[in-house]
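Report on the following structure.
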Amino acid sequence: MPIRALSTAEVAARTGVPVEALRSMLRRGQFPQPDVLIGGVTARQVRGWTVDTVDEWTAARSR
């Protein structure tokens with residue numbers, strides 16, 4: 001089964017955090033680093049997040 005990777009824009013929409021705020025949180029270590037790499041030798045690698053990673057962060061944040 002293929003793993004679906006969420007883009008920065010998709011993560012922002014799913015969490016309700018604006019894209020620029022999400023990028024800032026990434027730089028400060030307040031959001032998990034992307035855990036999926038798509039692409040390889042012949043294609044540009046794209047980083048993203050699994051749905052589980054994003055949902056776990058969202059759940060921990062609401063506690």
Side-chain angles (χ1 to χ4, degrees):
M1 173 188 244
I3 296 174
R4 167 121 163 66
L6 300 175
S7 67
T8 303
E10 291 171 317
V11 170
R14 189 174 188 94
T15 61
V17 176
V19 171
E20 287 306 317
L22 181 62
R23 288 184 179 137
S24 178
M25 293 169 74
L26 272 165
R27 284 190 299 272
R28 294 190 314 254
Q30 297 174 329
F31 193 82
Q33 291 298 310
D35 55 355
V36 177
L37 283 174
I38 300 171
V41 177
T42 60
R44 183 177 143 256
Q45 285 190 332
V46 177
R47 299 171 3 150
W49 294 264
T50 62
V51 171
D52 289 342
T53 297
V54 175
D55 289 349
E56 287 170 12
W57 179 84
T58 302
R61 187 176 184 219
S62 65
R63 291 183 200 149

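Predicted, not measured: the structure shown is a model, and the values here were computed from it. Numbers for residues simply follow the sequence, beginning at 1.
Transitive grouping of hydrophobic side chains (ILVMFWY, heavy atoms separated by less than 4.5 Å) brings Val51 and Leu26 into a common cluster.
Atoms CZ and CZ, on Arg61 and Phe31 in that order, are 9.0 Å from each other to the nearest 0.5 Å.
Across Trp57 and Met25, no two heavy atoms sit closer than the pair CZ2-CE, 3.3 Å. The nearest pair of heavy atoms linking Trp49 to Val11 is CE3-CG2, 3.4 Å. Contact detail for Ala5 and Gly48: the closest heavy-atom pair is CB-CA, 4.3 Å. Here the closest heavy-atom approach between residue Val19 and residue Ala12 is recorded as CG2-CB, 3.7 Å.
Side-chain contact between Asp55 and Arg14: present, with at least one pair of heavy atoms (C-beta onward) separated by less than 4.5 Å.
Other residues, nucleotides and ligands place no more than 12 heavy atoms under 6.0 Å from the CZ atom of Arg44.
At least one donor-acceptor pair under 3.5 Å links the side chain of Thr58 to the backbone N or O of Val54.
In terms of the side-chain hydrogen bond (donor to acceptor under 3.5 Å, both in side chains) criterion, residue partners of Ser7 (sequence neighbours excluded) are, by chain and number, Glu10.
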